[in-house]
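Whatever order the structure lists them in is the order used to number ligands and atoms, beginning at 1.
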Amino acid sequence: MGVGPGAVEDMAVARAGGERGSVAMTMSPCRFCGAPLQHVFADLGMSPLANSNIPRSKANAMEPFYPLCALVCSRCFLVQLEDFESPQHIFDDEYAYFSSYSSSWLEHSRRYVEQMTERLGLDASSQVIELASNDGYLLQYFVERGIPVLGIEPTANTARVAIDKGIPTRIEFWGVQTATAVAADTRADLLLGNNVLAHVPDINDFVAGMKIALKAGGVITIEFPHLLKLVELNQWDTIYHEHFSYLSFATVGRVFEAHGLRLFDVEELPTHGGSLRIFGCHDDDPRERTEAARELLEREHAAGLQELRTYLDYGARVIEDKRQIVSFLIDLKRAGRSIAGYGAPAKGNTLLNFCGVGRDFVDFTCDANPHKQDHLLPGTHIPILAPDAIREHRPDVVLILPWNIKDEIMEQLSYVREWGGRFAARSPELALLP
Ligand SMILES: [Zn+2]
């Protein structure tokens with residue numbers, strides 16, 4: 001069957017309008033409300049698991065790729081990935097993200113502890129529980145103040161680092177089952193989770209567990225990257241397999257309400273390119289909803305986050321962005337520039353794999369985390385070296401993959417300017433930085 005010029009034109013028109021690919025290939029139920037998922041938000045093709053860096057000894061082994069396609073629920077507007085692999089596989093012992101390797105994240109956590117201790121009047125009679133407590137990067141600051149803590153962390157190797165530091169930690173996934181066991185001993189005055197809500201496959205089980213483990217009058221704080229920023233600033237590279245849900249304030253509010261909780265306050269944070277810190281309590285708690293919470297709901301509404309059209313139009317912008325990135329890198333290479341990466345974050349792998357950028361563009365990348373060094377990035381097999389490699393190889397351009405901390409990295413690597421080197425990062429378009 002031939003395809004006439006008219007058909008090609010029709011396809012081009014459909015692509016430009018973001019229509020092509022806007023119907024989901026399967027009809028999984030929404031993770032929150034159960035409605036069938038029929039609409040594509042962003043289709044990033046086939047991609048390896050973003051945090052599965054490859055040891056050099058396995059460089060010639062076969063590597064699994066999975067579809068990376070974010071869908072949107074037309075009933076509750078939860079942007080989400082379909083199930084593709086068990087979380088036990090994703091978060092196994094090889095999972096090497098140690099929060100304590102980021103100095104800016106440690107400072108963010110220290111300030112949070114200071115602020116919450118004062119706001120909630122926490123002391124030696126209080127109980128703080130953190131979900132996904134990692135290596136104890138945050139709870140250590142409560143311990144310093146003599147405030148009792150409990151960490152819940154499913155990744156054994158990071159949890160053991162916390163336990164060795166004297167931070168009580170249960171090596172478990174969070175949900176109703178773990179919450180019931182915890183609540184038999186203690187309930188939380190402050191129950192917190194940073195960058196975990198978006199990563200849980202069963203968001204209902206997770207939030208139902210928070211209801212169980214929260215003391216009467218207790219407060220929940222949760223931080224997650226804000227969907228509004230992902231949409232407005234083209235942060236599609238923050239989509240990766242370990243990140244199941246992409247959350248707006250309105251949609252998280254619906255999830256909390258379905259489980260006998262409600263949101264009463266919110267703070268907007270610069271972390272991860274724009275995050276929310278939401279404040280929740282039991283639904284019968286007398287706290288009043290703040291002006292900040294009311295204002296953010298209005299702003300999300302004005303940005304179209306309660307309209308399907310907004311989500312369906314996003315895919316075309318992602319494809320246009322890919323063309324810009326590839327063309328920027330081709331121009332650099334044609335001008336004879338050498339490019340090294342900096343960082344090996346999940347978002348870097350989404351970007352490099354979706355754009356087809358491998359060692360033909362980027363000679364190597366660097367990461368301060370020794371657990372990532374001497375590995376290859378998944379899919380692209382770009383080698384991860386220690387940061388000293390930048391000084392040794394003197395690249396013309398350093399491509400900063402974790403664009404959310406680009407200022408911190410440019411300061412650390414300021415010596416690159418000694419040989420006329422430049423930095424490049426997305427902000428939101430990929431460009432050389434001044
Ligand atoms: Zn839904």
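Around the Zn ion (ligand 1), the protein contributes the following N, O or S atoms at distances under 2.8 Å: Cys30 SG, Cys33 SG, Cys73 SG, Cys76 SG.
Contact check on Arg277 versus Glu223 returns a salt bridge, with a Lys/Arg side-chain nitrogen under 4.0 Å from an Asp/Glu carboxylate oxygen.
Under the side chain to side chain donor-acceptor pair (under 3.5 Å) criterion, Ser327 pairs with no residue at all, not counting sequence neighbours. Under the ring pair (Phe, Tyr, Trp, His ring centres under 6.0 Å) criterion, Tyr314 pairs with Phe41, sequence neighbours left out.
For Phe256 and His259, the distance between ring centers is not under 6.0 angstrom.
For residues 423-433, the pairs satisfying salt bridge (charged side-chain N to carboxylate O under 4.0 Å, His left out) are Asp237-Arg426, Asp321-Arg426, with sequence neighbours left out.
Considering every non-hydrogen atom in both Trp403 and Ala425, the closest pair reads CB-CB, 4.4 Å.
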